[in-house]
Amino acid sequence: MIDFRSDTVTRPTEAMLEAMLKAPVGDDVFGEDPTVNRLEALCTEMFGMEAAVYCPSGTMTNQIAIKCHTQPGDEVICDKLSHVYQYEGGGIAFNSGASVRLIEGNRGRVTAAQVKESINPDDAHKACTTLVSLENTANRGGGSCYDFADIQSIKEVCLQNNLKLHLDGARIFNALVAKTDTALQYGETFDSISICLSKGLGAPVGSVLIGTKELIRKARRIRKVFGGGMRQAGFMAAAGIYALEHNVNRLADDHRHAKMIAKALEAKDFTGAILPVETNIIIFEVTGAYTAPQLAAKLKEQGIFVIAISPTNIRIVVHLDISAEDVRRTIEVIQLL
Ligand SMILES: *Cc1c(COP(=O)(O)O)cnc(C)c1O
């Protein structure tokens, strides 16, 4: 089985399992798990921020950040395709009682001008805009990346209007590997950053929220309220440390593999528009002979698993557990379809 459904399907390697097995642990709710503390310190240092908190999922780190930055009745600005809006169970309303202002962005990315015009005036009729949430890379944008200069322009608008800026960086390392920007630049710019260890980095679970000391102190309280306070979580955190130390640079291989697969798709009659492949995700339109679910079923017969994200579109995600041989085999199958 060659599984392109998501970069969450990776399994820990022997070396990662060994690191987990040997991890010293303690009760993290008491702040006494040395491995969780090491992971949090590592993330803090990488992004040049003040503090970090380890959580079970990226949904939780995003939701905690939104809760920290808003009051009930506030409004959050984000792209209409963003994970915080589309795939977190209505959590912005459920957890924070906040409303959402959706922007029709370009492949999941918004501009400073769009943010500016989405800010509500200081008027008693209106919800109070307090937060902007960006996603990089943008999943539903086909793994698209921001130009850092555009993020800086958005930051300017936030500063002028007293808005906080959050980054859903579930795949921030894909963006960093694809571009020349640094983690420190991101740390300087955002008020909070959520990173996922369980996506392309290959850890079995875990995400980290990074920010100021004050924000993270508040985040720990909210993590407890959300039921995310874990005890001997160091076994899992050890996988996260291993992932950050070993699996970041190799994301470039995934990006190269994604481009190779996209090229094979391009040559086929059933392929319509393909979103530009910037990182490890391919989103393409299926036309002609098949619907997207039909093509997905065809590929499944050959042991290749993809997701039809709509009646007309398929998503392919390349990751750590897709070998060069898997890519070769996939291209061969595509050519014969
Ligand atoms: C996967 C993902 C998350 C977090 O998902 P969890 O499954 O809750 O860890 C957040 N944002 C984006 C863009 C994602 O792709």
Side-chain angles (χ1 to χ4, degrees), residues 3-12 39 43 52-67 76 78-92 94-96 100 102-103 105 107-110 131-146 151 165-176 178 186 190 192-210 219 222-223 226-228 230 233 236-237 239-240 243-244 247 251 254 258 275 278-283 307 309 315-321:
D3 198 346
F4 291 107
R5 288 173 302 167
S6 173
D7 42 6
T8 54
V9 301
T10 57
R11 314 257 163 94
L39 170 65
C43 294
V53 61
Y54 181 53
C55 292
S57 73
T59 298
M60 190 180 282
T61 42
N62 280 333
Q63 290 298 321
I64 289 175
I66 293 164
K67 183 78 183 157
V76 179
C78 62
D79 185 272
K80 70 168 192 179
L81 298 177
S82 56
H83 196 280
V84 293
Y85 173 69
Q86 293 277 356
Y87 303 117
E88 299 189 4
I92 296 178
F94 192 101
N95 297 312
S96 299
V100 186
L102 297 177
I103 294 178
R107 289 188 280 128
R109 298 160 306 175
V110 302
L131 176 65
V132 177
S133 180
L134 305 183
E135 187 174 310
N136 201 22
T137 68
N139 169 31
R140 284 298 301 272
S144 56
C145 301
Y146 273 93
I151 292 180
L165 184 59
H166 171 69
L167 176 67
D168 177 354
R171 296 187 181 83
I172 184 61
F173 292 102
N174 292 90
L176 291 174
Y186 278 82
F190 285 89
S192 53
I193 297 178
S194 158
I195 66 166
C196 284
L197 303 164
S198 63
K199 292 269 163 72
L201 298 184
V205 292
S207 284
V208 180
L209 181 67
I210 320 167
I222 296 165
R223 180 184 68 168
F226 286 178
M230 299 182 286
M236 292 300 175
L244 286 170
N247 294 342
L251 291 170
D254 297 342
L275 293 187
E278 296 185 36
T279 53
N280 65 324
I281 300 176
I282 305 159
I283 293 181
I307 290 188
I309 54 171
R315 187 183 76 159
I316 289 177
V317 188
V318 183
H319 52 77
L320 183 59
D321 286 6

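Every heavy atom of this structure was used, including side-chain atoms; hydrogens, water molecules and symmetry mates were not. When a ligand or atom number is given, it counts from 1 through the structure's own listing order. If you're wondering where the values come from, they're calculated on a predicted model, not measured in any experiment.
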Identity and distance of the protein heavy atom lying nearest atom 6 (P) of ligand 1
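Answer for atom 6 (P) of ligand 1: G58 N, 3.6 Å.
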At what distance is the nearest protein heavy atom to atom 11 (N) of ligand 1, and which residue and atom is it?
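Minimum-distance protein heavy atom for atom 11 (N) of ligand 1 reads D168 OD2, 2.6 Å.
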Polar contact flag for [X] and ligand 1 (N/O pairs, less than 3.5 Å):
| X | answer |
| --- | --- |
| E88 | no |
| R171 | yes |
| A170 | no |

I need the single residue from [options] that forms a side chain to side chain contact (heavy atoms under 4.5 Å, CB included) with [X]. Which is it?
| X | options | value |
| --- | --- | --- |
| F173 | T279, I195, T137 | I195 |
| L81 | R107, R109, R140, E135 | R140 |
| N280 | L251, V317, L320, I316 | V317 |

Need the ligand 1 atom indices (1-based, order shown) with element for anything under 4.0 Å from a heavy-atom of [X].
| X | result |
| --- | --- |
| E135 | 13 (C) |
| S57 | 8 (O), 9 (O) |
| K199 | 1 (C), 2 (C), 3 (C), 4 (C), 5 (O), 14 (C), 15 (O) |
| N62 | 10 (C), 11 (N) |

Rounded to the nearest 0.5 Å, what separates atom CD1 in I66 from atom OG in S192?
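The distance works out to 8.5 Å.
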Interatomic spacing from NE2 in H166 to OG1 in T61 - rounded to 0.5 Å
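Going from NE2 on H166 over to OG1 on T61, the span is 6.5 Å.
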Enclosure of F226 CZ (heavy-atom neighbours >12, cutoff 6.0 Å)
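Yes.
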With a heavy-atom distance limit of 4.0 Å, tell me whether M60 approaches ligand 1 through its side chain, its backbone, both, or neither.
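M60 to ligand 1: no contact under 4.0 Å from either part.
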What part of T59 sits under 4.0 Å from ligand 1 if we count only heavy atoms: the side chain, the backbone, both or neither?
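Looking at T59 and ligand 1, atoms from backbone and side chain both fall under 4.0 Å.
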Given H83, E88, K67, the one that forms side chain to side chain donor-acceptor pair (under 3.5 Å) with N62
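For N62, the side chain to side chain donor-acceptor pair (under 3.5 Å) test succeeds with only one of H83, E88, K67, which is E88.
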Which of parallel (below 30°), tilted (30 to 60°) and perpendicular (above 60°) describes F190 and Y186?
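Correct class here is parallel.
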